[in-house]
Amino acid sequence: MRCENVRSLILDYTTNELDTEDRTKVEAHIRECQGCNHFFKLANNEWKLLDEWGSITPKADFITNFWNRVSNEELNNEKEVPNLFKFWKLNWSTVSALSIFLVVGIISIILVTSNQYDVVYTEGDMADEELLFDLDRTISASATNLLEVYGAWDIDTTQENGG
Amino acid sequence: MESDIELMMRAKTGDDNAFTELMRRHYKSVMNYIYRFTNSRENSEDLAQEVFLRVYRSVTRYKPEAKFSTWLYKIATNVCLTEVTSKSRVKTVSLEEVQENTGDLKDSNSTTGYDLIYRRDIRDSIFEVLKSFPERERISIILCKYEGLSYDEVAEIIGCTVGAVKTHVHRGRIKLIEKLKPFLEERGLK
């Protein structure tokens with residue numbers, strides 16, 4: 001048997017995991033092989049040495065402390081919910097103000113844009129407006145009255161009549 | 001006596017007494033399992049409570065497919081790994097703390113200062129060697145040696161084959177032999 005294979009068996013030997021046949025093989029090998037014999041002693045000591053790190057005993061109030069912790073967590077969870085609402089309440093004022101601004105803004109935009117859509121302002125209108133301003137500037141009130149006898153008139157006719 | 005699964009099913013319906021009974025059965029092993037990862041009694045107690053808190057919170061989702069203890073050790077392993085990766089604690093320890101932390105002494109006559117320090121050295125050395133192992137080797141050694149679990153159970157907890165667990169244990173033990181040689185030779189090679 002090769003030493004490499006025996007070493008794995010030696011580890012199992014020290015933890016009583018081998019059947020009788022393998023145990024006999026290991027025992028026979030370590031009687032003859034000094035290296036494996038040394039390894040066997042180390043492995044045996046190592047497994048026992050680990051026991052030197054003893055276990056600990058929990059405090060008697062472990063379970064009581066656990067239930068206290070559960071109660072505290074539940075209390076904290078209950079507190080967290082109103083806090084959340086409080087936070088929301090604070091935000092509500094901001095949200096309300098923003099909403100009012102938003103609504104007023106939207107209404108203003110609608111009003112402004114709807115007025116713009118009602119006015120159909122063409123280049124012809126602009127020219128007419130200019131003529132009206134000219135008339136205002138050049139024609140006196142009495143002259144306007146005199147001109148009314150001609151009924152509807154346009155600028156060209158007026159100019160011809162006047163000329 | 002009711003089985004763990006029966007108790008867990010009762011706990012699922014909101015029976016806190018059943019959960020208390022489950023805790024009574026397992027808290028020592030869970031705490032000691034964590035202790036091998038942290039080497040601190042105080043932390044172990046806190047973390048053991050954290051483990052049971054997680055179990056308690058997820059009790060409604062429990063399905064009795066696996067052994068309760070396997071499920072419990074899985075949760076404990078997650079808690080331990082989170083702890084060891086998030087915190088590396090360096091602490092100086094007084095003699096009183098050594099006594100407090102060394103664990104139960106098998107031989108109550110050997111509580112002299114020298115024995116305590118010797119035991120602390122052994123404990124710290126084992127802890128440091130195990131700490132240097134890859135996760136699965138460390139978990140396998142701790143569960144097999146200190147919690148007395150079978151390779152099958154460990155395989156289920158860490159999610160690998162039984163053969164792989166055996167390999168982890170063997171590799172770990174060879175490293176332990178190598179690194180703890182001074183202690184092993186001091187004890188005499190009988």
Side-chain angles (χ1 to χ4, degrees), chain A residues 2-19 22 26-27 30-31 33-78 80, chain B residues 16 19-20 23-24 27-33 35-36 39-41 44-46 48-50 52-53 56-57 100-106 118-119 121-127 130 141-142 144-146 151 166-167 169-170 173-174 176-181 183-190:
Chain A
R2 289 176 63 193
C3 292
E4 282 170 22
N5 300 332
V6 175
R7 296 213 169 172
S8 172
L9 289 175
I10 286 172
L11 292 173
D12 290 335
Y13 185 99
T14 56
T15 49
N16 295 319
E17 290 173 61
L18 292 185
D19 55 32
D22 282 337
V26 170
E27 283 163 5
I30 57 175
R31 267 197 301 270
C33 176
Q34 216 175 354
C36 287
N37 191 297
H38 184 71
F39 181 79
F40 169 75
K41 285 169 183 172
L42 286 173
N44 210 22
N45 273 353
E46 171 256 349
W47 206 235
K48 284 176 189 162
L49 184 79
L50 294 185
D51 289 327
E52 293 288 324
W53 187 8
S55 54
I56 48 169
T57 309
K59 288 176 193 159
D61 55 0
F62 182 92
I63 292 174
T64 317
N65 286 343
F66 172 81
W67 287 117
N68 288 341
R69 202 167 156 176
V70 171
S71 310
N72 285 342
E73 283 212 349
E74 280 168 2
L75 271 176
N76 286 340
N77 288 343
E78 279 168 21
E80 270 172 30
Chain B
D16 284 349
F19 195 81
T20 301
M23 251 196 308
R24 209 185 304 280
Y27 77 100
K28 283 180 190 165
S29 6
V30 169
M31 191 174 153
N32 272 290
Y33 177 52
Y35 174 58
R36 311 294 171 186
N39 198 21
S40 153
R41 175 194 286 267
S44 308
E45 192 143 345
D46 266 2
Q49 294 223 348
E50 176 64 30
F52 283 106
L53 213 58
Y56 186 69
R57 283 194 207 116
E100 171 81 2
N101 252 336
T102 304
D104 297 338
L105 297 170
K106 291 198 170 54
Y118 177 72
R119 287 173 69 86
D121 283 351
I122 290 178
R123 183 200 72 198
D124 288 349
S125 303
I126 297 171
F127 172 72
L130 287 176
I141 292 267
I142 293 174
C144 287
K145 174 63 187 170
Y146 292 109
Y151 290 150
K166 202 170 176 179
T167 307
V169 172
H170 278 194
R173 285 193 65 192
I174 288 167
L176 279 164
I177 291 170
E178 206 52 47
K179 294 189 175 173
L180 297 174
K181 231 174 202 167
F183 289 107
L184 300 174
E185 285 171 346
E186 195 179 304
R187 289 163 70 91
L189 297 171
K190 296 168 204 165

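For B:Tyr56, the part lying under 4.5 angstrom from a heavy atom of chain A is the side chain only. With a 4.5 angstrom heavy-atom cutoff, B:Asp16 touches chain A via backbone and side-chain atoms both. Heavy atoms of B:Tyr33 lying under 4.5 Å from chain A are absent altogether. Using a 4.5 Å cut-off between heavy atoms, B:Leu53 touches chain A through backbone and side chain atoms alike. Within the 4.5 angstrom heavy-atom criterion, only side-chain atoms of B:Arg57, from C-beta onward, approach chain A. Heavy-atom distances place the side chain of A:Trp67, and not its backbone, under 4.5 Å from chain B. Both the backbone and the side chain of B:Glu50 have a heavy atom closer than 4.5 Å to some heavy atom of chain A.
Taken from OG in A:Ser8 to NZ in B:Lys166, the straight-line distance is 6.5 Å, to the nearest 0.5 Å. With rounding to the nearest 0.5 angstrom, the OH atom of B:Tyr146 is 7.0 Å from the CG atom of A:Asp51. The structure places CG of B:Leu176 at 13.0 Å from CG of A:Asn45, a figure rounded to the nearest 0.5 Å. Here the CE-NZ distance, from B:Met31 to B:Lys28, works out to 10.5 Å after rounding to the nearest 0.5 Å.
Highest contact tally toward chain A, considering only B:Arg36, B:Lys181, B:Arg24, is held by B:Arg36 [criterion: heavy-atom pairs under 4.5 Å]. Of the listed residues A:Thr15, A:Thr14, A:Leu50, the one with more heavy-atom pairs under 4.5 angstrom with chain B than any other is A:Leu50.
There is no side-chain donor-acceptor pair under 3.5 Å between B:Tyr118 and A:Glu52. With hydrogens and angles left out, the side-chain atoms of A:Glu17 and B:Tyr151 include a donor and acceptor closer than 3.5 Å.
Classification of the A:Phe62-B:Tyr27 ring pair by plane angle, with boundaries at 30° and 60°, yields parallel.
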